[in-house]
Structure formats: C-alpha cells, structure tokens
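These notes are about the structure you will find just below.
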Amino acid sequence: MKLNSRQTEAVKYISGPCLVLAGAGSGKTRVITNKIAYLVQHCDYKARNIAALTFTNKAAREMKERVGKTLGKKEAKGLMVSTFHTLGLNIIRREYKALGLKANFSLFDDQDQMALLKELTEAELDGDKDLLKLLQSAISNWKNEMLSAAEAQAYAQSERDQLFAHCYELYQRQMKAYNALDFDDLILLPVLLLRDDQEMRQRWQNKIRYLLVDEYQDTNTSQYLFVKLLVGERSRFTVVGDDDQSVYSWRGAQPENLGLLQKDFPSLRVIKLEQNYRSTSRILRTANILIANNPHLFEKALFSEIPDGEMLKVITAKNEDHEAEKVVGELIAHRFLNNTGYKDYSILYRGNHQSRLFEKSLMQNRIPYKISGGTSFFSRSEIKDIMAYLRLLTNLDDDNAFLRIVNTPRREIGPVTLEKLGTYANMRGKSLFASSFELGLEQHLTGRGLENLQRFTRWIVEMSENIERGDSVAALRELVRDIHYEDWLYESSPSPKAAEMRMKNVSQLYSWVTADLEGDNYDNEVKTLKEIVQRLTLRDMMERGEDDDEADQVQLMTLHASKGLEFPYVYLVGAEEGILPHQTSVDEGNVEEERRLAYVGITRAQKELTFTLCKERRQYGELIKPEPSRFLYELPQDDLHWDVEKRPVTQQERMQKGQSHIANLRAAMFKKN
DNA sequence: ATGGTCTTTCTTTTT
DNA sequence: GAAAGACCAT
C-alpha cells in the first residue's frame with residue numbers, strides 16, 4: 001500500500017522537530033517504520049545513529065521486525081528500537097562509573113520495591129498496605145518529577161508528605177547499599193547525567209542523531225526531559241501521538257506534553273493523519289461523535305473511505321452470566337454465518353475481573369480463547385525464585401534476592417536465624433551475604449543455624465565463581481540440579497499437574513537464558529548473565545517468532561490492553577454506568593479519560609461493533625441495577641441498534657441524561673474541594 | 001512450618 | 001460473593 005500525502009509529508013519532513021498527530025488506525029506505525037527506512041536510504045543516516053522509542057517491549061519488537069522487512073539486515077544494523085527504559089538501562093550500563101555505580105547493579109521490579117519499602121518502614125507505616133501503596137507511588141512520582149529525597153522533603157507540605165519523603169530517603173540509601181536500581185531510576189539517572197554533564201550529553205547526542213517516539217501522549221515529565229536532552233539543539237526528531245488515546249494519566253502520563261512541545265520547539269511542524277484505514281465509516285463516525293464531548297488540544301477530523309456497513313448493536317442481558325452467554329452465543333452464530341476465524345473476534349472489558357464469566361462460557365462451548373494480561377509470566381513464584389538465584393549470583397549484595405531464596409527450597413534457615421543475621425548485617429552496614437562470612441557473626445548465631453547458613457553462602461560463592469570462570473551454561477545446569485528445584489516444586493505445589501506446569505515455566509526461562517548466553521538468539525549476541533538478568537527484569541524476553549498470535553483464538557483483554565490492536569469484530573462488554581465510566585473515575589470527576597477509553601475500544605473495531613450491558617449485576621455481593629453507560633447515549637442513535645427499547649426517544653429525555661451527567665460532574669467537583 | 005479460618009478487597013499496568 | 005492475604009493454631 002502506498003502512503004497518502006499526509007503520511008508522505010510526515011515521512012519526508014526531516015529538517016526539524018516534527019509532531020505527527022495520528023488518529024486511531026491512521027497508519028502511525030507505518031509512518032515511523034517508513035521514516036526510519038527513508039532516513040537510512042535517502043538521507044545518509046546510519047541506522048546506528050537512529051533511535052526509536054516505545055513504551056512496551058512488544059511494540060519495540062514489532063517495530064524492529066517491520067523495519068527489518070523494509071530495510072534488510074545490513075542496512076538496519078545497529079538501529080536502536082527499544083523502550084524508554086531499555087535505552088536508559090543501556091546508557092547506565094555504559095556510563096555507570098560516571099553515575100557512581102558498581103558494574104553489577106541489580107534491577108528491582110515493583111514487587112521487590114514493595115518488599116523493601118515494607119521492611120524499611122516498619123516503624124513509620126507499620127505495614128499499612130494502603131499507605132505502602134501510596135508511598136510507592138509517591139516515590140515514583142517524585143522520581144518522575146525529577147525530585148531527590150532532599151528536595152521532596154523541602155517541598156513536602158503535609159505531615160504525610162514529610163513522612164513519605166523521609167521514607168524516600170531511607171529507601172534511596174538502602175537501594176544504594178544493595179547496589180540496586182528501580183524502574184524509575186532507569187529514566188531518572190540518564191536524565192540527570194545528560195543534564196549535568198555536557199560531555200556526556202554531546203556524546204549521546206552524537207550517537208543518536210535522529211529520534212522517533214511512539215505513543216508520545218503517554219510520556220511523563222522525566223521521559224519528556226529525556227527526549228529533550230537526547231535531541232538537543234539540533235532537534236531532529238519525530239514524535240507520534242494522539243491525545244484522544246491517552247488512557248494512562250493515572251500512571252503519570254502527561255498528555256499536556258503534546259502541547260508543551262510546541263512551546264519548547266517553536267519551529268515544530270505539526271502533521272495530522274486523519275484518514276483511518278481500519279474501520280467502517282459508521283464506526284468511525286460514532287467514535288468521533290463520542291470523543292467530541294472531550295476538550296481537545298488539537299482538533300482533528302478522522303474520516304474513513306470504507307462504507308458504513310452494519311449498524312452498531314447494543315445487547316441487553318438480564319445479568320452478567322446471561323451477558324457472557326449472549327456474547328458467546330452471538331459469536332458462535334456470527335462465525336458460522338460469516339465463515340470467519342475465532343481470532344477475528346475480541347471481547348473487551350474495563351476490568352480484569354470481568355473476564356471470568358466470558359472465559360467460563362467460552363470454555364463450556366469449547367471455543368479457543370486467549371486472555372492477555374492477568375498474572376504475567378514473571379510474577380509466577382517459580383520464575384521469581386529462579387530469577388532471584390540469578391540476581392544473587394550476579395550481585396551478591398542483593399539482599400532481596402538473598403531473602404527470597406535462602407530457604408527455597410528448604411535449607412532449614414528459618415526466620416530466627418535470618419532475623420539475627422539481619423540485625424548483625426545492619427550493625428555492620430553490610431549485605432546479608434557478606435555478613436554471613438564475618439567472624440563477629442558467631443557471637444550472635446551458633447550451631448545449626450550458622451552451619452546451614454554458611455553452607456548456603458559458600459555454595460553461592462562457588463556457583464558465582466563457576467560463572468565468572470566462564471562456562472555459565474554448565475554452571476546454571478549445575479545450579480538447577482544442586483537445588484533439586486524440581487523435587488521442591490512437586491513437594492510444594494497443590495497438584496502434580498501444577499508442578500509440571502511450573503517446571504515447564506522454569507525450563508522456558510532456562511532456555512531463554514542459555515540461548516542468550518550462547519549467542520543463539522535473535523541478534524546473535526553473546527550476553528553476560530548480568531545483562532540477561534537485567535533485561536529479563538525489564539520483561540524483555542527475546543521471543544523469536546514463536547508468538548502464538550497466529551493461533552485461531554478469541555481475544556479477551558482489557559480496554560487498556562487493546563490499545564494499538566485491531567479486530568474485525570469487537571464486543572465491548574459491560575457498557576454500564578459504574579463500569580465504563582468506572583465509578584471511581586466518576587467520583588473523581590475524571591470521566592474524560594473514561595470516554596477516551598471507550599473511544600479506544602470503539603476504534604479497535606474494523607467491521608462490526610457490539611456493546612453489551614446487564615440489567616442486573618452482582619457487585620461486592622449485592623445485587624445492583626446498573627444504568628446503561630452515558631457513553632451509549634452520547635453516540636449517534638441512528639447508527640445504533642438497541643435490542644430493547646432503551647434508547648431515549650425524545651429530545652427531552654436526552655437532555656435529561658446530559659443534565660444528570662453534568663450534575664454528577666458538579667457533585668464530584670464539589671466533593672473534591 | 002503448615003494448614004486452616006478469618007478478614008479484607010473488589011480499575012486500568014508497563015517498565 | 002469470591003478470591004487472595006493475613007493471622008492464628010497446631
């Protein structure tokens with residue numbers, strides 16, 4: 001397919017900063033990949049001087065693949081397509097000395113972070129889960145706003161902020177002692193480095209001569225700074241985004257960054273992609289009318305040349321079981337009549353918990369399905385265990401990893417022993433591992449405890465020496481054998497079947513790691529265990545084409561997870577007040593983001609779109625009678641076919657709906673102040 | 001240390 | 001009302 005004139009303009013404009021406002025389905029990925037190819041083939045850029053940033057590893061992988069197809073292996077060599085965090089990690093790995101880090105730092109994911117915070121703030125927060133969550137996000141927000149612990153303390157207004165800022169400081173100190181970094185550090189540290197060190201800035205600006213950013217509306221403050229520092233005065237960059245698809249503000253994303261760009265780069269060229277190649281005109285018209293209820297930074301008018309096609313449908317169900325049955329029944333009939341594949345259908349919902357009934361119904365009807373999201377591979381306990389072993393072996397000071405596996409499988413090292421070791425380590429200001437060798441420890445810890453502990457740490461030393469010495473693959477094989485992990489799984493799992501599953505996961509992880517150690521991976525690079533562990537913590541598992549995207553399965557996912565995807569037939573379920581818009585968003589007066597979420601859902605559909613809702617729903621144990629989502633009333637009713645007479649017939653009724661909407665907003669505002 | 005019962009929670013989530 | 005997590009008793 002040829003690029004249209006707007007897309008061509010976006011690809012060929014390379015002499016200055018460029019913002020591409022890419023509506024849903026307007027071919028933004030095509031623009032990015034074509035632009036990279038254009039830079040290399042027609043503008044004398046070397047691939048190794050071009051970087052493209054995304055938010056997810058999946059997006060990065062896909063983009064890499066697509067560029068690879070147009071460019072060929074040789075021309076694409078050295079091209080940097082990665083997430084913000086991976087680029088940050090790479091910079092840190094190269095400049096760790098300037099940052100005052102040791103080479104073998106650990107990466108903490110948010111669970112590690114939470115575990116550490118919990119332990120650190122026993123005195124302050126007394127294990128209060130809500131407060132801990134708040135603290136975690138407060139620290140994350142501070143880091144994203146580039147504030148150090150000292151600055152946070154200085155700015156802290158409330159007593160709680162004071163306390164949190166104090167915990168932030170404790171946390172930073174402990175992370176330093178562990179020689180560990182969290183995800184936010186992966187952006188924060190490079191930004192500080194580039195900001196304060198001119199030579200460093202020049203070096204990286206010289207390396208990255210053209211920068212492209214996908215999903216720009218999802219950037220937060222530090223990520224935007226990162227972009228600004230990387231492009232520098234030269235300002236050779238293209239960012240692609242759509243403010244109507246900003247659904248991550250609760251995670252610190254600042255869609256205002258789209259507007260800021262114009263202020264910071266007055267010569268910014270703004271190019272709008274308004275032709276949609278995905279959906280029927282009817283679906284698109286519906287989406288446009290819905291989103292017109294939101295304020296806009298940039299006006300755009302999406303259009304499609306695909307004919308109207310089927311009406312949009314609204315199906316009303318008695319209750320949520322009925323809803324699932326209706327959707328699945330409908331799906332079966334539709335597939336039969338249209339001779340389509342299961343993978344052409346997707347069921348989208350607001351919250352993960354909604355998936356259960358659909359899953360059940362699909363299973364009963366023997367329909368293959370795939371749920372994205374839920375518990376990820378890396379939060380499975382067996383994977384976390386093995387990862388902890390690997391992390392400890394690459395950074396002996398990583399106390400979190402140490403604690404996770406010191407008694408897994410059982411080594412008869414119980415809480416009492418660890419408690420004593422912990423206090424001693426604290427006293428000496430050393431890591432748990434290091435302390436276990438100190439002579440002074442024997443005054444606190446004797447007999448079996450000490451013996452078991454030292455047997456373990458000596459074994460760790462031996463293992464890490466084996467790895468240092470070279471044959472990591474053999475060393476790893478030895479590790480899994482030594483700890484009898486398989487036996488432990490069979491012992492600790494509820495059923496042999498579960499144990500088998502878990503062992504399969506371990507083998508999967510193991511084969512990824514060994515493939516990378518031997519350079520038998522997608523980029524044919526031999527990696528060190530340290531690098532591999534860091535990348536795995538970032539969830540960047542280098543899957544090689546074994547994606548089961550091809551499998552013929554109905555796709556189930558949250559609206560958030562559906563962003564960027566498309567399906568011929570979409571069921572948007574739970575279109576009710578309280579669910580979409582979610583009640584908490586209504587209470588907070590943040591219906592706009594919910595509307596964008598509905599917009600994202602609608603614009604996933606290529607051919608047909610069906611909303612479903614329930615008259616009754618069980619929620620928190622009690623029966624409620626939800627109203628149809630206000631968004632349904634905002635849609636053009638002429639394009640909508642309700643299965644029951646639920647639509648507001650008169651203009652008056654419509655007004656009433658709108659009014660109550662405004663009244664709700666007002667009530668929420670009132671509540672807030 | 002393990003297993004059972006009681007209590008709590010019930011939006012979205014990547015890195 | 002169900003599932004996960006905390007807590008207590010063994």
Side-chain angles (χ1 to χ4, degrees), chain A residues 53-60 82-89 107-113 118 127-130 133 136-137 140 143-144 181-188 214-215 218-220 222-223 226 245-253 319-321 348-357 360 372-379 381 407-417 491-492 494 534-541 557-564 574 578-588 590 593-594 596-598 600-601 617-624:
Chain A
L53 296 180
T54 63
F55 278 88
T56 66
N57 288 307
K58 193 169 162 230
S82 72
T83 63
F84 276 87
H85 295 264
T86 305
L87 177 64
L89 175 65
L107 263 188
F108 273 25
D109 66 18
D110 44 359
Q111 290 176 58
D112 299 319
Q113 191 182 26
K118 191 172 174 188
D128 184 322
K129 246 178 72 187
D130 287 342
K133 275 209 183 111
Q136 191 179 32
S137 71
S140 180
K143 287 192 173 189
N144 289 333
L181 301 178
D182 61 32
F183 286 147
D184 297 318
D185 289 330
L186 297 183
I187 310 292
L188 174 70
D214 193 16
E215 304 278 11
D218 289 339
T219 52
N220 61 33
S222 63
Q223 283 158 344
F226 197 25
Q245 292 186 68
S246 156
V247 290
Y248 284 111
S249 66
W250 51 273
R251 212 165 70 191
N319 54 42
E320 65 262 49
D321 298 289
L348 306 180
Y349 36 80
R350 174 69 238 258
N352 274 315
H353 64 278
Q354 287 173 266
S355 72
R356 274 197 42 237
L357 289 166
K360 188 176 137 203
S372 342
T375 24
S376 86
F377 185 76
F378 285 89
S379 43
S381 66
N407 202 29
T408 311
R410 299 245 155 70
R411 296 191 181 85
E412 299 184 295
I413 302 171
V416 185
T417 310
E491 230 174 87
S492 62
Q534 285 169 355
R535 297 192 63 159
L536 284 175
T537 310
L538 282 179
R539 314 287 140 89
D540 187 2
M541 29 182 187
M557 66 192 80
T558 63
L559 288 163
H560 282 91
S562 76
K563 199 171 79 162
I579 293 186
L580 178 67
H582 196 275
Q583 193 54 50
T584 28
S585 294
V586 175
D587 294 341
E588 284 165 9
N590 188 16
E593 181 140 322
E594 297 289 316
R596 288 194 289 268
L597 209 42
V600 166
R617 188 180 284 275
R618 207 168 269 288
Q619 203 170 41
Y620 310 148
E622 63 186 327
L623 208 59
I624 55 158

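Below, chain A is the first sequence line, B the second, and so on; all start at residue 1. Please read these numbers as outputs of a predicted model, since none were measured by experiment.
The side chain of A:N57 places no N or O atom within less than 4.0 Å of a non-bridging phosphate oxygen (OP1 or OP2) of B:dT14. In this structure, A:N352 does not reach the B:dC10 phosphate: none of its side-chain N or O atoms is under 4.0 Å from OP1 or OP2. Of the side-chain N and O atoms in A:R618, none sit less than 4.0 angstrom from OP1 or OP2 of C:dA2.
Rounding to whole angstrom units, CD of residue A:E215 and C1' of B:dT13 are separated by 14 Å. Computed from coordinates, the A:H353 NE2 to C:dA4 P distance equals 14 Å when rounded to whole Å. Rounded to whole angstrom, the span from the NE2 atom of A:H560 across to the P atom of B:dT15 amounts to 15 Å. Between the CG atom of A:N590 and the C1' atom of B:dT12 there is a distance of 12 Å, rounded to whole Å. Nucleotide C:dA3 holds its C1' atom 14 Å from the CG atom of A:L357, rounded to whole Å. A straight line from CG of A:D184 to C1' of B:dT14 spans 11 Å, rounded to a whole angstrom. Whole-Å rounding puts the A:E320 CD to C:dA2 P distance at 11 Å. The distance from atom CZ of A:R596 to atom P of B:dT12 is 18 Å, rounded to the nearest whole Å.
Applying the 5.5 angstrom centroid cut-off and the 30 degree plane-angle cut-off, the aromatic ring of A:W250 is stacked upon the base of B:dT12.
Between A:G351 and A:F55, the residue whose closest nucleotide on DNA chain B is further toward the 5' end is A:G351.
Judged purely by distance below 3.5 Å, without hydrogens or angles, the side chains of A:T558 and A:H560 never pair a donor atom with an acceptor atom. Looking at A:E594 and A:N590, their side chains never bring a donor and an acceptor atom within 3.5 Å of each other.
With C1' as the reference atom, B:dT13 and C:dA2 are 23 Å apart, rounded to whole Å. Comparing C:dG5 with B:dT12, their P atoms are spaced 15 Å from each other, to the whole Å.
Backbone-only engagement by A:T558 is indicated by non-hydrogen atom pairs under 4.0 Å involving sugar-phosphate atoms exclusively. Looking at heavy-atom distances under 4.0 Å, A:D110 makes contact with a base. Residue-level contact check: A:Q223 touches neither bases nor backbone, having no heavy atom under 4.0 Å from any strand.
Because its glycosidic torsion is within 90° of 0, B:dT11 is reported here as syn.
Of the candidate nucleotides B:dT13, B:dT11, B:dT15, B:dT15 has the atom nearest to the side chain of A:H85. Each of B:dT15, B:dT11, B:dT13 was ranked by its minimum atom distance to the side chain of A:S585; first place goes to B:dT11. With B:dT12, B:dT13, B:dT15 as the choices, the nucleotide that has an atom nearest any side-chain atom of A:T56 turns out to be B:dT15. Taking every side-chain heavy atom of A:R356 into account, C:dA3 is the closest of C:dA3, B:dT11, B:dT14.
A donor-acceptor pair under 3.5 Å is formed between the side chain of A:N220 and the backbone N or O of A:Q223. Between the side chain of A:Q136 and the backbone N or O of A:D110 there is at least one donor-acceptor pair closer than 3.5 Å.
Across all strands shown, the partner of B:dC10 is C:dG1, judged by Watson-Crick or G-U wobble contacts whose two distances both fall under 3.5 Å. The partner of B:dT2 is C:dA9, judged by Watson-Crick or G-U wobble contacts that both fall below 3.5 Å.
Of all heavy-atom pairs between A:L53 and A:T83, the closest is CD2-O, 3.9 Å.
Side-chain contact between A:W250 and A:V247 is absent, with no heavy atoms from C-beta onward closer than 4.5 Å.
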